[in-house]
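Take a look at the structure below.
Below, each value reflects all heavy atoms present in this structure, side chains not excepted, and no hydrogens, waters or symmetry copies.
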Amino acid sequence: MQLKTGGANNRKKGLPLPVKTTPVSGNNYQTRDLLGTVTNHLMTGSTDIKYQRKASKASLSLLFLIDSSGSMIKDRQIAYIKGIITETITQHQHRRLRYGAIALAQGDAQLVSHYTTDTGKFIQSISRLSSGGKTNLKAGLQLIQQMQPSDKTQLYIFTDGKVNTGGSLQEAASYFRQHLRSLHTTTVVNIETGFVKLGRAAELAKIIGATYLNL
């Protein structure tokens, strides 16, 4: 038996051969795996139909934790952060991604946007983000946990690392290690400005095992 799974162009380019699937009536979660069914029959003689779960429309989530406390206003860091996030989303608007955002302001954490694939709506939520008050990093991490991130979640923490309420930097890092180690990746983006730099964002990245990015 010969199974047609792709054209000559795919073979020449070394691209993976497509798997032909047939929708199952009344089932929103599975499709018939024709290739898997035929392969199983050839190997075992079984006529059992094999299924594969449909790929998620948004298999990867990008979650932004943004320090929008009072210190972010002075040198316009918050405007800079908004610009970076907007540009990133615009560059990846054709990819199947979900976006979510949490802000650190007024000594607490607030949900800016729950997970969404609507990039226009998400960018609007980011643009309306206000600033002020103190930085409570632990509160932000607790809110992240409530959003139930998974091993398909990429977390980006925009901060200068200056935690001044809700516990110390070390306490926040301890909470991260205990509750958020299952994240796909975590990146600490340093937004500290000025002639005197304390390097606390780099310290945070080190103690939680995250990638460090200095802007």
Side-chain angles (χ1 to χ4, degrees), residues 61-90 97-116 122-149 153-181 183-215:
S61 300
L62 272 61
L63 184 56
F64 302 100
L65 179 59
I66 306 165
D67 184 352
S68 62
S69 61
S71 63
M72 296 298 102
I73 303 174
K74 183 179 179 181
D75 295 316
R76 297 182 57 81
Q77 290 103 317
I78 191 64
Y80 185 45
I81 294 170
K82 291 178 181 180
I84 291 173
I85 293 176
T86 298
E87 183 179 350
T88 299
I89 293 172
T90 301
L97 300 172
R98 297 194 309 168
Y99 298 95
I102 294 171
L104 304 178
Q106 309 302 335
D108 205 347
Q110 63 184 46
L111 181 64
V112 177
S113 173
H114 208 286
Y115 295 122
T116 180
F122 182 77
I123 290 174
Q124 287 180 2
S125 298
I126 293 294
S127 67
R128 292 193 297 265
L129 180 61
S130 58
S131 305
K134 295 184 177 181
T135 304
N136 187 338
L137 179 58
K138 186 176 180 180
L141 298 177
Q142 290 172 333
L143 190 50
I144 288 173
Q145 186 187 12
Q146 293 177 30
M147 294 181 69
Q148 300 181 334
T153 303
Q154 293 184 357
L155 173 63
Y156 294 87
I157 304 175
F158 288 84
T159 183
D160 56 10
K162 299 173 183 177
V163 177
N164 47 30
T165 191
S168 66
L169 181 67
Q170 288 71 24
E171 289 175 308
S174 177
Y175 185 91
F176 178 94
R177 291 194 302 267
Q178 184 177 356
H179 299 285
L180 298 173
R181 292 301 296 269
L183 293 170
H184 183 269
T185 58
T186 300
T187 301
V188 175
V189 183
N190 181 29
I191 53 176
E192 185 176 22
T193 60
F195 292 106
V196 179
K197 294 181 172 61
L198 302 179
R200 290 176 181 169
E203 180 184 354
L204 172 63
K206 182 178 180 179
I207 57 182
I208 66 175
T211 300
Y212 175 70
L213 180 61
N214 186 34
L215 293 183

Using only atom types and a distance under 3.5 Å, with no angle test, would you say the side chain of [X] pairs donor to acceptor with the backbone of [Y]?
X      : Y      : result
Arg177 : Ile207 : yes
Asn164 : Thr135 : yes
Thr90  : Thr86  : yes
Ser68  : Leu104 : yes
Asn136 : Asp108 : no

Qualifying residues under side-chain hydrogen bond (donor to acceptor under 3.5 Å, both in side chains), relative to [X], sequence neighbours excluded:
X      : value
Gln124 : none
Gln145 : Tyr175, His179
Asp160 : none
Tyr212 : Asn190

Within 6.0 Å of NZ in Lys134, more than 12 heavy atoms from elsewhere: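 No - once you tally the heavy atoms of other residues, nucleotides and ligands closer than 6.0 Å, there are 12 at most.
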Under the ring pair (Phe, Tyr, Trp, His ring centres under 6.0 Å) test, which residues partner His114, sequence neighbours left out?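 Residues passing ring pair (Phe, Tyr, Trp, His ring centres under 6.0 Å) with His114: none at all.
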Return the set of residues passing ring pair (Phe, Tyr, Trp, His ring centres under 6.0 Å) with Phe64 (not counting sequence neighbours), or none when no residue passes.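 For Phe64 the ring pair (Phe, Tyr, Trp, His ring centres under 6.0 Å) partners, ignoring immediate neighbours, are Tyr156.
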Which heavy-atom pair separates Ile126 from Lys82 by the least distance, and what is that distance?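 Closest approach of Ile126 to Lys82: O-CE, 3.3 Å.
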